[in-house]
Every structure is written in structure tokens, then in C-alpha cells.
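Notes follow the structure.
None of these values were measured; they are calculated from a predicted model. Below, all heavy atoms of this structure are taken into account, side chains as well, without hydrogens, waters or symmetry copies. Just so you know, residue 1 is the first one in the sequence shown, and it goes up from there.
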Amino acid sequence: MSTSVGTALITDSGGNPGERAAAKALAQLPGERVDFCQVFCPVEYEFDRILAGIRDVVGPDAKLIGCSANGTFTNDAVEYGVAVGLVTSDTLSFYTGLGTGLRENVSRAVREAVGDLPERVGDHPYAAAITLHDGLSGVGEKLALSCQQKLGPEVSIAGGSAADNHRLESTYVFCDGEVVEDGVVVALIGAQQRPVVAVAHGHEPLSAPVEVTRASGPTVYELDGEPAFDVWKDAVRDTVAEEFGVAIDDLDADSTLLQEILCEFEFGINQGDQYKMRWPWIEDEEGAMQFAVDVPEGTVLRVMHGRPEAQIESAGETIRRALADAGDVRMAGAFVYDCACRGIVLGEEFERAVEEMASELSLPFVGFETYGEICMGPGQFSGYHNTTTVVLLLPE
């Protein structure tokens with residue numbers, strides 16, 4: 001049997017969408033056994049009911065993780081609904097752990113989650129991990145580093161931040177039968193062949209480097225001694241006028257268009273041959289900008305530009321990088337974590353990005369639009385990212 005992956009996406013609320021999605025995904029597997037399930041669910045749904053419906057289909061022994069989501073997608077559908085990915089395998093093993101109190105103490109929450117996992121993954125020579133966490137915690141970078149520290153540098157990690165359809169109120173993670181706010185779930189995968197992770201984004205530098213000269217946690221007040229928002233507007237003003245036909249100074253702080261522009265013109269941290277993206281939004285009228293993670297004073301940033309076509313191209317590039325890394329090893333399917341910011345920039349064109357991935361991969365995959373992505377792997381620009389596509393390929 002080796003490894004098989006089934007995926008499904010149910011968009012209407014009739015019956016139990018979780019049960020229906022799981023049944024549709026199960027029909028794509030060679031038998032009735034399910035070893036692992038990952039589910040992405042709209043925040044409006046009753047999570048306990050959705051998970052109970054899935055459990056009725058996959059049975060009591062399957063390991064299950066998931067989270068609340070923005071948009072969801074599979075290799076053949078892009079919709080807002082319950083997305084499920086099922087795995088059955090003779091070559092992979094799965095273990096799950098849950099940590100709570102993430103915002104108060106990242107290290108303790110990760111230690112709690114990892115404490116439920118085995119120190120060794122049986123006789124498997126390779127290991128990877130999926131981590132999903134509270135998308136409003138603001139601790140993504142700390143979480144990524146803590147997971148790598150506790151799992152070990154040889155374990156590749158992929159995952160994302162739970163979302164709530166842009167409400168920015170509450171996000172949730174699922175682990176087997178539990179639903180938790182302010183938590184982190186980790187799934188450890190043992191493998192006979194190496195699972196592959198990859199990440200890419202579609203942004204290019206627009207401005208000269210600027211230094212964070214006054215900041216507190218995720219709030220950046222000044223860049224090069226000037227109000228952060230003013231520096232950002234100076235960098236994007238001409239390009240925004242050309243592309244959007246508007247004056248950036250005329251947009252209200254809470255306007256939908258400004259939020260879209262902020263997603264297209266983010267900040268990047270130079271990692272050598274790559275940039276790690278950081279998504280900002282306006283904090284107050286004094287010109288401070290809020291980020292999804294801490295941005296320490298002394299950090300050097302550049303304003304970046306991610307044109308829509310480049311965002312679509314980068315989705316395919318993520319898959320190409322993963323397949324190149326996989327080499328001759330046959331893959332069975334994938335999990336994908338794609339940023340909600342890219343969904344805002346692309347709008348209805350987001351479907352083209354998913355189609356780009358599907359045309360490159362030709363394998364089943366399931367994913368969701370996150371509030372941030374995690375990719376930690378050998379040869380990758382590692383850590384916590386914004387406005388990227390992250391993929392985890394599962395070997396046969």
C-alpha cells in the first residue's frame with residue numbers, strides 16, 4: 001500500500017460537513033484504514049460537531065489535528081468550507097501533542113505539546129512535524145524556534161497560524177478530540193524516506209534599507225528616526241499611484257483598499273539570498289505600525305512589493321523547489337499553508353495560484369489561508385513567515 005492521500009472540501013452546511021468531507025476523502029484511499037487526518041474549518045462552524053463527524057468516518061485510532069481557517073482549498077477546489085486531508089500509510093507513522101497557554105509562555109506550551117510525542121519515531125530514519133497555533137498570539141517566530149529546539153534540527157517543520165476569517169477575535173487549534181484557544185498542536189511524522197518542506201514568496205525589494213529605531217514588541221514606532229507609517233508611505237507612494245490610481249495619503253486608516261495595499265507592500269528582512277516577509281498594519285494616528293510578531297530595535301527592513309502575478313508565480317515556485325529537493329523520491333501528496341495576505345492581494349485570482357500549484361504537483365493536496373506560515377528545514381530560509389506559500393510533501 002505504501003502511502004495514499006485523500007482530500008476533500010465541503011462548502012455547504014447540510015448534514016455534517018466534517019463527516020461528508022471525511023467520507024469523500026476516504027473514498028480516494030485504497031482501504032478503510034486512516035492513520036492521520038488534518039482538518040481546516042471555518043470559524044463560524046461548531047467545531048465539536050465537525051470533529052465528531054470526521055471521527056465517525058476515520059475511526060478511533062487515526063491521529064487528528066487541525067485549526068480554524070480563512071479560505072480553504074484542495075488540488076481541485078478553492079472555496080470557504082471544511083477541508084480534510086486523510087493519510088493511510090505503511091511507511092509513515094503519526095503522533096500528536098497539544099500545548100496550552102501559548103501567549104503566556106511559548107516554551108512551556110511547546111514543551112507540553114512535545115512532551116506527548118515519542119523521543120524516537122520507531123525504526124524510521126526521517127522525521128518531520130506539522131505545527132498549528134493560535135494565529136493572534138503574536139509569537140510565531142518564538143514558536144518556530146522553540147519547536148526546532150525541542151524537536152531537533154534534523155526534523156523539518158511546516159505549518160501555519162490558525163485564522164478566523166479576518167475577524168481578528170479568536171482562533172482555535174484541534175488535537176484529536178480537543179478544541180483549544182491560545183494553544184499549539186504538533187504532529188510528528190516518522191518516515192522511511194525524507195519528507196520535504198519548501199517556502200517561497202512573490203515580493204521584491206522596493207525601498208532602500210531602513211532601521212527600526214524605536215519599537216516595543218510587535219509595534220514599530222520609528223524607522224530611521226521617523227514615524228514608521230510615514231516612511232512606508234514615502235516608499236510606496238509612486239508605485240501605488242501608478243498601480244492603483246490613488247494617492248496613498250488620501251486613504252483612511254481603516255479603508256479596505258489600504259489594507260489590501262499593506263498586504264502587497266510589506267516589509268522584508270534580508271536573509272542573504274532571500275527575504276523573510278513581515279506584514280504590517282497601522283497601529284495609531286501617530287504613525288506606528290503593528291506587526292504579527294516582535295520586531296526588535298536595530299532590525300533592518302526594506303519595503304517590498306509583491307505584484308499579483310508574482311504572487312501566483314511564487315505558489316508554483318514553492319512546489320518546484322519542493323520537488324527539486326525530493327529528487328527521485330516518489331511523493332504521495334501534500335499539505336499547504338498559504339497566507340491570508342496573499343488571498344487579499346489576489347482576491348478572486350487566488351484560485352489561479354492554487355491551479356499553479358496543482359499543475360506543478362499533480363498530486364492530492366489540501367491547505368488553508370493562514371495568519372502566518374512556518375517552514376524550518378535544511379537549506380531553507382527558516383522560521384516564521386508572512387505572505388508565503390509553505391508546502392510539506394509526504395513520501396510514498
Side-chain angles (χ1 to χ4, degrees), residues 42-44 68-71 78 80 135-136 138 161 163-171 201-207 210 212 214-224 226-268 277-293 295 301-312 338-353 369-373 385-388:
V43 72
E44 297 89 350
S68 57
N70 268 33
V78 181
Y80 187 65
L136 303 178
S161 303
D164 66 348
N165 198 24
H166 301 293
R167 296 180 179 184
L168 303 179
E169 295 173 352
S170 301
T171 67
H201 64 76
H203 281 72
E204 296 181 348
L206 180 66
S207 77
V210 291
V212 178
R214 187 163 73 92
S216 177
T219 304
V220 174
Y221 296 96
E222 294 181 356
L223 295 168
D224 285 348
E226 300 294 331
F229 189 43
D230 289 348
V231 174
W232 177 83
K233 286 192 295 183
D234 288 344
V236 307
R237 184 173 288 107
D238 292 344
T239 308
V240 166
E242 177 182 349
E243 181 175 337
F244 291 88
V246 298
I248 192 67
D249 300 283
D250 293 342
L251 297 178
D252 294 333
D254 59 352
S255 74
T256 300
L257 179 57
L258 179 57
Q259 299 310 310
E260 178 183 340
I261 292 170
L262 282 161
C263 289
E264 185 169 327
F265 296 84
E266 299 188 1
F267 287 92
M277 301 307 301
R278 288 292 179 258
W279 170 52
W281 67 91
I282 304 165
E283 171 67 9
D284 56 32
E285 295 180 355
E286 296 180 1
M289 303 189 81
Q290 183 84 6
F291 288 75
V293 293
V295 182
L301 304 170
R302 295 181 75 163
V303 178
M304 311 287 284
H305 186 197
R307 290 180 172 84
E309 285 298 324
Q311 300 284 357
I312 294 169
D338 207 306
C339 189
C341 290
R342 285 167 35 81
I344 292 173
V345 171
L346 292 174
E348 294 182 358
E349 293 293 293
F350 183 78
E351 185 172 350
R352 289 180 56 202
E369 293 178 44
T370 78
Y371 282 169
E373 306 77 57
H385 308 275
N386 296 127
T387 320
T388 62

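The backbone N or O of Val43 lies less than 3.5 Å from no partner atom in the side chain of Asp164, so there is not a single donor-acceptor pair. At least one donor-acceptor pair under 3.5 Å links the side chain of Ser68 to the backbone N or O of Ala163. Using modelled atom types, one side-chain atom of Thr171 and one backbone atom of Gly135 make a donor-acceptor pair closer than 3.5 Å.
Scanning both residues, Ala310 and Gly202, for their nearest heavy atoms gives CB-O, 3.3 Å. In plain terms, the two heavy atoms of Glu373 and Asp338 that are nearest each other are OE2-C, 4.2 Å. Considering every non-hydrogen atom in both Asn386 and Gly372, the closest pair reads ND2-CA, 3.9 Å.
Atom-to-atom distance recorded for His203:NE2 and Thr388:OG1 is 10.5 Å, nearest 0.5 angstrom. Within the model, atoms CZ of Arg342 and CE of Met277 stand 11.5 Å from one another, a figure rounded to the nearest 0.5 Å.
Gln259 is not listed as a side-chain neighbour of Ile344, based on a closest heavy-atom distance of 4.5 Å or more. Val295 has its side chain out of reach of Met289: every pair of non-hydrogen atoms, C-beta onward, lies at least 4.5 Å apart. Side-chain atoms of Leu136 and Leu168, non-hydrogen and from C-beta on, do get closer than 4.5 Å to each other. Side-chain contact between His201 and Thr387 is absent, with no heavy atoms from C-beta onward closer than 4.5 Å. Between Pro308 and Leu346 the shortest side-chain heavy-atom distance falls below 4.5 Å. The shortest distance between side-chain heavy atoms of Trp232 and Leu262 falls below 4.5 Å. Put simply, the side chain of Arg278 does not reach to within 4.5 Å of the side chain of Met304, judged on heavy atoms.
Open room surrounds CZ on Arg307; 12 or fewer heavy atoms of other groups in view lie less than 6.0 Å from it. By the neighbour-count criterion of 12 heavy atoms within 6.0 Å, atom CD of Glu44 is densely surrounded, having more than that number from other residues, nucleotides or ligands.
Under the side-chain contact (heavy atoms from CB on, under 4.5 Å) criterion, Thr219 pairs with Tyr221, Glu283, Ala288, Gln290, not counting sequence neighbours. Qualifying side-chain contact (heavy atoms from CB on, under 4.5 Å) partners for Asp224, counting only residues two or more places apart in sequence or in other chains: Val210, Glu211. Applying the side-chain contact (heavy atoms from CB on, under 4.5 Å) criterion to Glu369, with sequence neighbours excluded, gives Asn70, Ala340, Phe350. For the side chain to side chain donor-acceptor pair (under 3.5 Å) test, residues two or more places apart in sequence or in another chain that qualify with Ser161 are His133, Tyr384. Residues meeting the ring pair (Phe, Tyr, Trp, His ring centres under 6.0 Å) test with Tyr371, sequence neighbours left out: none.
In this structure, Trp279 and Trp281 have tilted ring planes: the angle between them lies in the 30° to 60° band.
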Compile the donor-acceptor pairs under 3.5 Å between side chains in residues 241-253 and protein atoms, sequence neighbours left out, one pair per line.
unit_1: Glu243; atom_1: OE1; unit_2: His305; atom_2: NE2; d: 3.1
unit_1: Asp249; atom_1: OD1; unit_2: Arg237; atom_2: NH2; d: 3.1
unit_1: Asp249; atom_1: OD2; unit_2: Arg237; atom_2: NE; d: 2.8
unit_1: Asp249; atom_1: OD2; unit_2: Arg237; atom_2: NH2; d: 3.3

* To do: Take Leu223 and Phe267, measure what side chain to side chain contact (heavy atoms under 4.5 Å, CB included) needs, and give me the verdict at the end.
  => CA-CA 12 Å; Leu223 295 168; Phe267 287 92; 3.9 Å; yes
